[in-house]
Structure formats: C-alpha cells, structure tokens
Amino acid sequence: MKREVEKVLLKVQKPGRYTGGELNSVIKNKDEVDVRFAFCFPDTYEIGMSHLGLKILYSIFNDVPYIWCERVFAPWIDMEEQMIKNNIPLFALESGDYITDFDFIGFTLQYELSYTNVLNMLKLANIPIKSCDRKSLKQIVVAGGPCACNPDVLADFIDIFFIGEGEEVDLEVIELYRKCRDDNKSREEFLQEAAKIPGVYVPSLYDVTYNDDGTIKAITPKGDAPAKVKKRIMMDLDNTYYPDKFVIPMIEIVHDRVVSEIFRGCIRGCRFCQAGFMNRPVREKSIETINKQCYDLCQNTGYDEISLSSLSSSDYTQIDPLLDKLHEWTEKDGVSVSLPSLRVDGFSNELMSKIKSVRKSGLTFAPEAGSQRMRDVINKNVKEDELIQTCSTAFSGGWNKVKLYFMIGLPTETFDDVADIAHLGQKVVDAYYRCENRQKGKAVTVTLSASSFVPKPFTPFQWEPQDTRDVLVEKQHHIKESITSRKITFNYHDSSTSFLEAVFARGDRRLCKVLEKACEYGMRFDGWDECFNFDKWMSVFEECGIDPAFYANRRRSFDEVLPWDHIDYGVTKEFLIKECKKAYEAQTTANCRQECSACGAAQWKGGICYEKREG
C-alpha cells in the first residue's frame, strides 16, 4: 500500500474497504506479468465482494501466469473526498498501484444506476472517460454483465463489451491484445480484430441513425464488424472453470459465505424477467461437481455456510439427492446449506426438513402479483392455493416469518389487482392461525415487498411502458390502505429510482451525453438514498435536451428498431412478441420441462430445453 493511501485511512469510516491483503488474494511479481487487468466493480467493497461473477473471473485470470487481475471498488464518499484532496488516483487492492497504466480496465455492469460510478471511477483514475480520447494500446476499457445486453447507453465510454458468459471470450481478447501489442498494432487495429471474436461488441464500429420522431432508423456495422453480435455461452458446466477458493474479506460483506452455482438459466419464462430469458437454455451441474466444489470452497475459506445459487434453486432436477449428498459432510463439519431462490410450488416437507438451518432468517417467496389474473399475465404459473399450502407447510415446520415479493405497475394491472397484494398477505396471516402445528406463543410476521416494474430488453415486456411516477406512488398508497392487519409489514421501492432505471434500461446512444454531464456534476452512487438526487437528474436531462419519459413511459411498436436489436441472446424477437400478445389475453406458457415453446434457445444444442425438444 502506498504511504499516501495509508495516511488517509484513519479519516474514513471503513478502512478495510481499501487495504487489500485478504486471505486468498493473489499477489504476483510485476516483472513476471505481461498483462495487468483491473477488475472494477462500480459499487462498494461489501457489494462487489459478494458478487459471484467477480470471484469466477478473478480466479480465471489469475490462473494464467502472465495475467495479473486485481480488484478495484468504487470508493465511498468519505474516501473519495480524501483521494481528491490528497491527489490519490484510483488504485487496485492487490498491489496498491494506480490503475492508470493497466492494460485493461474491466467493469461488470449489474445495475443501470451504477453507470455514473463507472464514469466516476475512470475520472478518479485519471483515465479519459470517452473512448475517443484514449489513443494508445493501453487502458482498454471493457465491460460485461447483464446490463451489457443494451450496451449503447455506454457506447461513448466503453471500448469492448463482452456479450454473454465471459469465461472464454475474456481470455481470447486478452490473447489477441498480446499479439497485437507484439506486432505494434494500433488501438484501432486491435479493436477491429477483437470485433471478429464471437461475443465481442465494439460500439465504435457501428453507426446509428434516427427517424424524425426520435426512434432509431438503423444500426449499421462498419467494415468487417458483424451485423449481429451473438452471446457466448458455456454449455458444459461440469467442465467450466469454477474457483476452489474465494478471497476472504476482512470486513463484513453483504453475502459472506460460500456460493455454489448449481445451474444457469431458468425454465419458467416469467415475462418481466430479463435473467430468465438471457440465460437460456437451462444447464445443470452434476451432483458430484457441486458437492466437490462446495467441499473444496469450505476447506479453503473456512466458511460454515453454503448458498446454492441459481435463478430458482428448487427447479434443480436433483435437488433432494444433492442435499442428501451435501449433508454427508456438512452436518458433521457444522456447515449449513441455504437455498436463496425457492419457488412457491417447489417447497415440500422433504425439502423443508433439509434446510432447517435457514429458519432463523425466515423464508422468502415471490408470487410477484396479488391476483391470479396478473400472475397469468406475467406467466408466473403459481396458484393462490399453492402459495397458501407452501406457507402452511413452512408454519408447520416451525417458521413464523414469511417475506413475499411483488411487483407493481405490470402491464394490464388495475387497482383491484394491486389491492389483492394486501389481500393475499392477509390470507397468509390467516393460514398461520389455522395451522395446528405452528409454534405456540409466537405471532406471525408477513412482509410484503413491492418493487416497481421496469421494462427490460430481451423480455416479452420490452415494448411496454412503465407506469408514471405518480401512478406508481398511487398504487403504493393503495396497497398500504388495503392492509388491515398489524401482522403485515409493507415495504416498497422509491418510484424515482425505478423511473431512472427504466430510462437507462431501454436507452440509446443519445443518453451518453446525459451520463457525461452527470459525471461532470459529480453524480454517483445513484442506487443509494444518500446520493440519489432526482431533481438534479431531471435538470441534467433538461440541459441535454432529452425527455426521459421517451425511454421509460412510451409504449413501443413491435416493428420499431430497438437500441439492442444488433445484440443476439438466442431468444427470437418473434417468440418475445408472441409472449407479449399472450400476456394481453392472460394466457400462460408451459415451462421448458413440460413443453418446448420454440423460443430459439435450442440452437445451442444442449441443456434441458434442447433435450426435452429432442425427446
């Protein structure tokens, strides 16, 4: 650690965010390293260190002897003030070196409201925030993650976007970089060559034109750049790299435990869910692979809790045998196992008996909508009696706390549908007191949590408008007024942040100037209440001559060119349109195990969806 950094640590709230030196962090000899990669997470240390993608890619890169990947997190406000005051540029945790001279500056894009942090981190590193101002074959700024599905919102700032899963494509780009550098190629020549690698999108190699009404006229590739960039995907998860150890933080982080990924993708097809469509087809790991990875991670980290990660853990086809296998050693080693993503219709007595370790924190389910009609609209495929039965099973097993996640502002939603969220919560309360085997002498707590619908790319609802802020606030109040029991707690998200999220989720290149202006004004950490300033954002939009409602609150026609139409995640636009139309009729679609819906994911020739289709 540099002395100037060490001097300011006593002046910040959590010095452990910036010290490095954790167990299992990777230190290399700079003289033996050929490529230096700064893995930048555009949020605080506690959030970034909980992210599984960072753990995987950090280990993949550092397993290559000539690559040194180091971690960089967004400094919190107090540390940023000290860095600016003392002329300390942004630095990496492993070496303490300023990242200005690194070969690659890589960002993971998990959330639209972190975009200002991306620019602010470049600014703090004294790296030009715009791609056109970075001239040499260094400081290659790359980005991946779920928000890379609509990359053009950041087109002016990012040199390369990785589309899809990064385990292979990232290393291919680094290898190309080494070759181009050895051959004295220019930055432009490297980017042109990189665009030929499947899964690589170079925004500077595309032109975008607009119609008079502000919609996109065309997205045109230059030279040899592909007309569509298809996502990269890892089909064989048993043989896909997974780390056998994680860096152990010195301070408490959000998810401080072993995380084991049991499968990717989702069979369900909820029409609002971006992750469910972008990660198709479903690919499972074997019990043997999961068990070994969990055991190795516990041995190498000392953690005593395992979280089985997926979009819907109870949809893993071998979930009961997997838990049996894990319990062969976890019980005697004092290790607990939790399933963070449980389906309402996937919670059984047998499963309950195997996850008693999570009782202390209650159980969480996501009905998503209060009325059956709305659950059919979004294709949730969950019935009210299934939810009540599931909660009753949990109450009989000793739980007395249940959290239910909902979404308001969904397409076709009425105020009666919204009130049904409160009514459903009351039915769960009533189920507790009807349960003869419940814990006597303990009251039930039902928490209803309502987020606002944000239309996302690559979902059947990508064409739908978001409710205005006023309507969302009115619906939040309607739920509160419909709750009649003190046993029910209601939480909801700020509609202003949801509005801004929708703007950037469906935005285009014209928003780059908005982000650049926001960076000039020092805006960052927009996902945090302490920093978010809605009025300031509206003034920035006005100064740039852009109406944010054009992106958030406008219904789009099915034949409109969308800002992400040149990106291909394998699910066809025709299928998404069909699903959107079925939503208007409240018609459901069977899950992928029941019936193939011909979404396009079978082109990968693997995974559960393809196997079912072949059968």
Side-chain angles (χ1 to χ4, degrees), residues 42-43 107-119 143-158 161 163-164 201 203 208 214-216 219 231 270-279 368 378 407-411 451-469 471-472 493-515 518 523 526-527 532 534 537-538 540-541 544 546-557 560-567 569 571 573 576 579-580:
D43 213 315
F107 290 93
T108 178
L109 306 175
Q110 298 295 314
Y111 181 37
E112 290 85 355
L113 296 194
S114 71
Y115 290 171
T116 49
N117 275 14
V118 171
L119 302 194
C147 291
C149 70
N150 182 18
D152 275 6
V153 178
L154 291 169
D156 287 356
F157 317 110
I158 306 296
F161 287 93
I163 306 300
Y201 173 57
V208 180
T215 59
I216 292 175
I219 303 169
K231 76 172 180 181
C270 297
R271 290 170 179 142
F272 60 83
C273 181
Q274 187 180 58
F277 288 100
M278 281 174 35
N279 291 296
E368 305 293 0
I378 63 178
M407 197 173 287
I408 59 171
L410 289 159
S451 61
S452 300
F453 166 66
V454 177
K456 297 274 187 171
F458 298 102
T459 68
F461 290 161
Q462 65 182 355
W463 294 276
E464 293 298 307
Q466 184 184 56
D467 275 351
T468 64
R469 290 171 55 237
V471 170
L472 289 172
H493 294 205
D494 180 8
S495 62
S496 299
T497 56
S498 298
F499 172 74
L500 193 63
E501 183 183 345
V503 172
F504 287 115
R506 297 199 299 173
D508 55 40
R509 292 190 176 200
R510 290 170 293 191
L511 292 181
C512 288
K513 63 181 179 180
V514 175
L515 286 168
M523 296 162 73
D526 294 298
F532 181 70
F534 182 76
W537 268 108
M538 293 305 100
V540 170
F541 281 111
C544 293
I546 287 179
D547 177 11
F550 177 81
Y551 298 104
N553 306 128
R554 178 176 64 88
R555 183 183 303 279
R556 307 188 181 194
S557 66
E560 179 178 329
V561 177
L562 302 174
W564 51 90
D565 272 351
H566 54 311
I567 307 297
Y569 274 85
V571 175
K573 201 171 185 179
L576 295 177
E579 283 294 294
C580 187

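This chain uses plain numbering: 1 for the first residue, then up along the sequence.
- Contact detail for Cys147 and Tyr115: the closest heavy-atom pair is CB-OH, 3.2 Å.
- Take Phe550 and apply the ring-ring contact (aromatic ring centres under 6.0 Å, His included) test, not counting sequence neighbours, and it matches no residue.
- Put simply, CG on Leu154 and CG on Leu511 are 9.5 Å apart, with the number rounded to the nearest 0.5 Å.
- The shortest side-chain heavy-atom distance between Val503 and Phe541 falls under the 4.5 Å cut-off.
- Residues passing the ring-ring contact (aromatic ring centres under 6.0 Å, His included) test with His566, sequence neighbours excluded: Tyr201, Tyr206.
- Separation of atoms CE (Met407) and OG (Ser451) is listed at 4.0 Å; rounding is to 0.5 Å.
- Taking every heavy atom of both residues into account, Val540 and Met523 meet most closely at CG2-SD, 4.0 Å.
- Here the closest heavy-atom approach between residue Tyr569 and residue Ala148 is recorded as OH-C, 4.1 Å.
- Side-chain contact between Pro465 and Arg554 is absent, with no heavy-atom pair separated by less than 4.5 Å.
- Looking at Asn553, its side chain does come within 3.5 Å of a backbone N or O of Gln466 through a donor-acceptor pair.
- Counting only N and O atoms by type, the side chains of Ser496 and Arg469 include a donor and acceptor under 3.5 Å apart.
- Considering only residues two or more places apart in sequence or on other chains, Arg555 meets the salt bridge (charged side-chain N to carboxylate O under 4.0 Å, His left out) condition with Glu464.
- Shown here are the side chain to side chain donor-acceptor pair (under 3.5 Å) partners of Ser495, two or more places apart in sequence or in another chain: there are none.
- Closest heavy-atom contact between Ile408 and Leu472: CD1-O, 3.9 Å.
- Asn150 places no side-chain N or O within 3.5 Å of a backbone atom of Asp508 that could act as its donor or acceptor partner.
- For Asp156, the side chain to side chain contact (heavy atoms under 4.5 Å, CB included) test picks out Lys130, Cys512, with sequence neighbours left out.
- The salt bridge (Lys or Arg N to Asp or Glu O under 4.0 Å) pairs that include a residue from residues 494-503 are Lys456-Glu501, where partners are two or more places apart or lie in different chains.
- For Asp152, the salt bridge (charged side-chain N to carboxylate O under 4.0 Å, His left out) partners at least two apart in sequence or on another chain are Arg509.
- Taking 4.5 Å as the limit, some side-chain heavy atom of Trp463 sits within range of a side-chain heavy atom of Leu576.
- With contacts defined as side-chain heavy-atom distances shorter than 4.5 Å, the pair Ile546/Arg510 qualifies.
- When all heavy atoms are compared, the tightest approach of Pro151 to Phe161 is O-CZ, 3.3 Å.
- In terms of the side chain to side chain contact (heavy atoms under 4.5 Å, CB included) criterion, residue partners of Arg506 (sequence neighbours excluded) are, by chain and number, Pro455, Arg556, Trp564.
- By the 4.5 Å heavy-atom criterion applied to side chains, Asp467 and Ser452 are not counted as neighbours.
- Under the rule for a ring-ring contact (aromatic ring centres under 6.0 Å, His included), the partners of Phe461 that lie at least two apart in sequence or sit in another chain are Phe453.
- In this structure, CG in Leu562 is found 5.0 Å from CD in Gln462, a value given to the nearest 0.5 Å.
- A search for salt bridge (charged side-chain N to carboxylate O under 4.0 Å, His left out) contacts involving Asp43 returns nothing, not counting sequence neighbours.
- The two residues Tyr551 and Gly507 make their nearest non-hydrogen contact at CD2-CA, 3.7 Å.
- Contact check for Phe499 versus Val454: no side-chain heavy atoms found under the 4.5 Å cut-off.
- Note that NZ of Lys231 is 6.0 Å distant from CG of Asn279, once rounded to the nearest 0.5 Å.
- Thr108 pairs by the side chain to side chain contact (heavy atoms under 4.5 Å, CB included) definition with Phe39, Phe41, Pro42, His51, Gln110, not counting sequence neighbours.
- Taking Asp565 as the reference, Lys573 meet the side chain to side chain donor-acceptor pair (under 3.5 Å) condition, with sequence neighbours excluded.
- Counting heavy atoms from C-beta on, the side chains of Ile216 and Pro563 come closer than 4.5 Å.
- Proximity of the aromatic rings of Phe504 and Trp537 is defined here by a centroid distance below 6.0 angstrom, and this criterion is met.
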Item to complete: Go through Thr497 and Phe534 one step at a time and tell me if the side chain to side chain contact (heavy atoms under 4.5 Å, CB included) criterion holds.
Response: CA-CA 8 Å; Thr497 56; Phe534 182 76; over 6 Å; no
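- Counting heavy atoms from C-beta on, the side chains of Val153 and Leu515 come closer than 4.5 Å.
- Between atom CD of residue Gln274 and atom SG of residue Cys149 there is a gap of 4.0 Å, rounded to the nearest 0.5 Å.
- Atom CG of residue Leu410 and atom CZ of residue Arg271 lie 12.0 Å apart, to the nearest 0.5 angstrom.
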